[in-house]
Amino acid sequence: MAVKEEQQFKELMAKGTSLGQVDEDIMRQNIRTQDLWVNMGPQHPSTHGVLRLILALQGERIVDTEIVIGYLHRGTEKLAEARTYHQIIPLTDRLDYLASPAMNFGYVLAVEKLAGIEVPERAEYIRVLMAELARISSHLLWLATHALDIGAMTVFLYCFREREMVLDLFEMATGGRLTTSYYRIGGVAHDLPEGFLDKVKEFCEIFPKRVQDYDDLLYSNRIWLSRTVNVAKISAEKGLALGLSGPSIRGSGVNWDLRRANPYSVYDKLDFEVAVFDGCDVYARYLVRRKEMLESCKIVKQCVEYLEKTEGPVMAKVPKVFKPPAGEVYFATEAPKGELGYYIVSDGSNKPYRLKIRTPSFANLIALPEMVKGQMVADVIAAIGSIDVVLGEVDR
Amino acid sequence: MVGPLLKGLKITFSHLFKPAFTVKYPYEKIEVAPRWRGKHVLRVDEEGREKCCYCGLCEAVCPANAIRIYGEEAPLEKSDVGKIAVIYEIDYRRCIFCGYCEEACPRGAIELTTFYELAEPEREKLLQTKETLLEKR
């Protein structure tokens, strides 16, 4: 027995406490707990790529989280400085590879703003159609993997089936399934192929029914509710302070959607609702994305209606050797994951002097430590899923 | 509590009687869209002459620097404009199949086909040369 403990023993015995009680008291005074540091990722399947988290644990509770990123860094911004404006489009595909049309969209809009190019209306509708299909596809993959992480495997299989339909549509129109490279500065690469709009309509018919299927599996499922409700909460103030955007902030009751707040392209002519829920938790973010899928489906239908009636050019007149005027521009769009902004500095040559990309997942990821503080280890998985990170755009 | 679970089970159970959605891949091939961006092909005209006239636009436009091209003067029976690409290489270790080369080509000489099984056991085989790219007639 150590000297200190012996002294404590004597003191307690002198007070007249029983022997068993004395032992327990000494033990209480001398046992210390220690934070356990656990590595999660970068190979962990539920970190959706190569995200690495270092978790400090008190038992099962999280006291601190450190995010380590950079495993998928490809230097997109630097590469862009050595590419012409057109050559950057395939690079943007590879930021958020799950919604490449949306990534292209932000970039071409930024360049068009810089150069002051008027895009034909038909091209704008095609772009919005594609971007909304990309949103559906991205949210489907999110729902699939998020549910899989939490333990609902069936939803994963069904979501991938519907996502396949969207990818087939991409393939038909653009020739690529994942990296579509369909948008061009001033329009789109080609007009839509014959029979495409009929297939889109078919998809729009089927899709809401399939969402009903997912609802039956998840919406009021006891296990799903207990894994998501009141998990990884973040208040609207905290979320805004940390720069959350997209479905992650709309799940905290903030009505902020750039398609409505700062309408670009033809979004001001389209009728849709912004999905806002104020649960602040994983479940609220699930509800936001679920509703967004249905709203996107509505937008797609309106685009199809317009495109069926009209014909016309899909490309503005842009010179082959494209040199925008010197200057700088920032353009933000609502990508499936949140605010996607491109900041371009042009020196008047055919290559940008600097291209800074504000990617949504990167900014959203910083809210993760705040969300999971005091939560269980298993809830980290739910939290990562709920902010929908794609490491391709986090690391760039 | 049991209600929603049963509802979910009903859905999964009903899928047992629906046709399978998966394709047994190596045995069944998937039909791809005509716009599919797969393996490249160098087109030849009706008289068997190569369409490529070594303008170098594809090389210039390629965002991945995957194309290497070198050309020389050629007699008219080999090329209708008197120029021909002696070396035409596409490095499939670099190519990202964006289709820009096809878009840039003024004569439709290079096109992307619907062939998509491009994996090779050795990296060296991924270097496509004129022998592997040229259209067979």
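Residue numbers start from 1 in every chain, and the chains themselves are labelled A, B, ... in the order their sequence lines are given, proteins ahead of strands.
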Checklist entry - Just wondering, more than 12 heavy atoms not from Lys356(A) lying within 6.0 Å of its NZ? => result yes
Checklist entry - Quick one: OH on Tyr100(B) to OG on Ser181(A), what's the gap to the nearest 0.5 Å? => result 5.5 Å
Item to check | Heavy-atom neighbours of Tyr25(B) OH exceed 12 at 6.0 Å | outcome: yes
Checklist entry - Would one find more than 12 heavy atoms of other residues, nucleotides or ligands at under 6.0 Å from atom CD of Glu31(B)? => result no
Checklist entry - Between the main-chain N or O of Ala64(B) and the side-chain N or O of Arg83(A), is there a donor-acceptor pair closer than 3.5 Å? => result no
Checklist entry - Say you draw a straight line from CD1 of Ile96(B) to CG of Asp93(A); how long is it, rounded to the nearest 0.5 Å? => result 7.5 Å
Next on the checklist: Within this structure, what is the SG-CD distance for the pair Cys98(B) and Gln87(A), rounded to the nearest 0.5 Å?
Outcome noted: 8.5 Å
Checklist entry - Between atom CD of Glu103(B) and atom NE2 of His86(A), what is the distance when rounded to the nearest 0.5 Å? => result 8.5 Å
Next on the checklist: Looking at Glu205(A), I want to see if its CD is surrounded by more than 12 non-hydrogen atoms of other residues, nucleotides or ligands under 6.0 Å.
Outcome noted: no
Checklist entry - Does Glu171(A) offer a backbone N or O that forms a donor-acceptor pair with the side chain of Arg35(B) under 3.5 Å? => result no
Item to check | Other residues, nucleotides, ligands: >12 heavy atoms within 6.0 Å of Lys18(B) NZ | outcome: yes
Next on the checklist: For chain B, which candidate among Ile223(A), Leu218(A), Asp216(A), Leu225(A) shows the most heavy-atom pairs at distances under 4.5 Å?
Outcome noted: Asp216(A)
Next on the checklist: For the CD atom on Glu194(A), are there more than 12 heavy atoms of other groups (residues, nucleotides or ligands in this structure) within a distance under 6.0 Å?
Outcome noted: no
Checklist entry - Based on non-hydrogen pairs under 4.5 Å, which of Glu164(A), Lys320(A), His190(A) is most in contact with chain B? => result His190(A)
Item to check | Heavy-atom pairs under 4.5 Å with chain B, option from Ile88(A), Asp215(A), Val155(A), Thr180(A) with the top count | outcome: Thr180(A)
Checklist entry - Between the side chains of Tyr158(A) and His15(B), is a donor N or O closer than 3.5 angstrom to an acceptor N or O? => result yes
Checklist entry - Does a sphere of radius 6.0 Å around NZ in Lys199(A) hold more than 12 heavy atoms from other residues, nucleotides or ligands, not counting ones at 6.0 Å or beyond? => result no
Next on the checklist: If I measure from the heavy atoms of chain A, does Glu102(B) come under 4.5 Å with its side chain, its backbone, both, or neither?
Outcome noted: neither
Item to check | Heavy-atom pair count under 4.5 Å with chain A, highest-scoring of Leu9(B), Thr22(B), Val32(B) | outcome: Val32(B)
